[in-house]
Amino acid sequence: MAEIIEIRDLSAPGLDVYARLTEAQLRNRLEPEKGIFIAESPKVISRALDAGYKPLSYLMERRQIDGPAREILARSGNVPVYTADREVLASLTGYALTRGVLCAMRRPILPSLETLCAGARRVAVLEGIVDSTNIGAIFRSAAALHIDAVLLTPTCCDPLCRRAVRVSMGTVFQVPWGRIGQQASDWPQAGLAQLRAMGFASAAMALSDDSVSIDDPRLAAEEKLAIVLGTEGDGLAPQTIADCDYTVRIPMSHGVDSLNVAAASAVAFWELRVRD
């Protein structure tokens, strides 16, 4: 049974995770097993619970307790539930709770690259993507469009930051993901070498004179394919493009030269999916 706690003191220590810790402090990079992330909305939190994530506490509007949040609270055991009116919660967090519910959850231990790729045939590799909205949207497309795992280079945005989790609609809990390398120097040469050793061909999504169209039959014929997507604005680094097996373009019209990385990922995931 949840422990309902009426908020009367905004400085209460139990509220720190919602009001006074930065995303970096929540991640706790030095001790990842102690890291925390914030999930927002009953639907997203429910998907996290389905995936085995453990809630530490809740922050929610009063009306949510016997309303939309009732089901997730019934699944959460004896955890603290801090509650107040919408205006009080907004003054505490600094933003309006879109769906009226936040949940602090324990971060998972990320699987190894070998574990992530065991049995996978299509993986997405995200190079230096820093916009949390794009990360969330890419995860949503990956879940919907047959991607087996998402691999993030060391300079990518955290997929468990609050905005990325919300934009992903909780699909970040459904698609296996992890880091490909721990420091910037681990990518691209070392990371691509690891993928190649596991049997993956690599497709750099980029515009260049020697690129092939995304509907080139050689791509579909690859047993294992890593689809490599680059950062907003600059795209993939020249060294990454040079080291990949293919450079792949999405044919476009009306003089449009490129798509937002989240939109490009959806096109790439669908067109390059396993078809057998």
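- Judged purely by atom type and a 3.5 angstrom limit, Ser46 has no side-chain atom pairing as donor or acceptor with the backbone of Lys43.
- The closest side-chain heavy-atom distance from Ser141 to Ile147 is not below 4.5 Å.
- Note: His146 and Trp270 have tilted aromatic rings, judged against thresholds of 30 and 60 degrees for the angle between ring planes.
- In this structure, Leu73 and Val81 have side chains that are in contact, with non-hydrogen atoms separated by less than 4.5 Å.
- Under a 3.5 Å cut-off, the side chain of Asp216 and the backbone N or O of Val212 do not form any donor-acceptor pair.
- There is a side-chain donor-acceptor pair under 3.5 Å between Ser76 and Tyr58.
- A donor-acceptor distance shorter than 3.5 angstrom exists from the side chain of Thr231 to the backbone of Gly128, with no hydrogens or angles considered.
- Salt bridge absent: Asp210 and Arg249 never bring a charged side-chain N and a carboxylate O closer than 4.0 Å.
- The backbone N or O of Arg140 sits nowhere less than 3.5 Å from a side-chain atom of Ser168 that would complete a donor-acceptor pair.
- At distances below 3.5 Å, not a single donor-acceptor pair connects side-chain atoms of Asn78 with backbone N or O atoms of Ala2.
- Between Phe37 and Phe173, the ring planes are tilted. Angles from 30° to 60° get that label.
- The closest side-chain heavy-atom distance from Cys244 to Leu192 is below 4.5 Å.
- The CG atom of Asp215 sits 5.5 Å away from atom CD of Glu271, with the distance rounded to the nearest 0.5 Å.
- Within a 6.0 Å sphere centred on CZ of Arg163, other residues, nucleotides and ligands contribute 12 heavy atoms or fewer.
- One side chain, Glu127 or Thr240, offers a donor N or O that lies under 3.5 Å from an acceptor on the other.
- Within the 4.5 Å cutoff, side-chain heavy atoms of Thr153 are placed close to those of Cys156.
- The shortest side-chain heavy-atom distance between Leu229 and Val125 does not fall under the 4.5 Å cut-off.
- Checked by atom type, the side-chain pair Ser57/Tyr18 shows a donor-acceptor distance below 3.5 Å.
- Contact check for Met105 versus Ile45: side-chain heavy atoms found under the 4.5 Å cut-off.
- Taking the centre and axis of the six-membered ring of Tyr95, the NZ or CZ atom of Arg162 falls inside the cone set by 45° and 6.0 Å.
- Of the options Thr133, Asn260, Asn134, a side chain to side chain donor-acceptor pair (under 3.5 Å) to Glu232 is made by Asn134 and by none of the others.
- By the 4.5 Å heavy-atom criterion applied to side chains, Leu151 and Arg179 are not counted as neighbours.
- At a threshold of 4.0 Å, the pair Asp245-Arg196 counts as salt-bridged, since one of the basic side-chain nitrogens sits closer than that to a carboxylate oxygen.
- Side-chain atoms of Ser41 never come within 3.5 Å of backbone atoms of Arg99 as a donor-acceptor pair (strictly under, hydrogens ignored).
- For the atom pair CD1 (Ile180) and CG (Leu195), the distance works out to 4.0 Å, reported to the nearest 0.5 Å.
- In this structure the side chain of Leu97 reaches within 4.5 angstrom of the side chain of Leu102, judged on heavy atoms.
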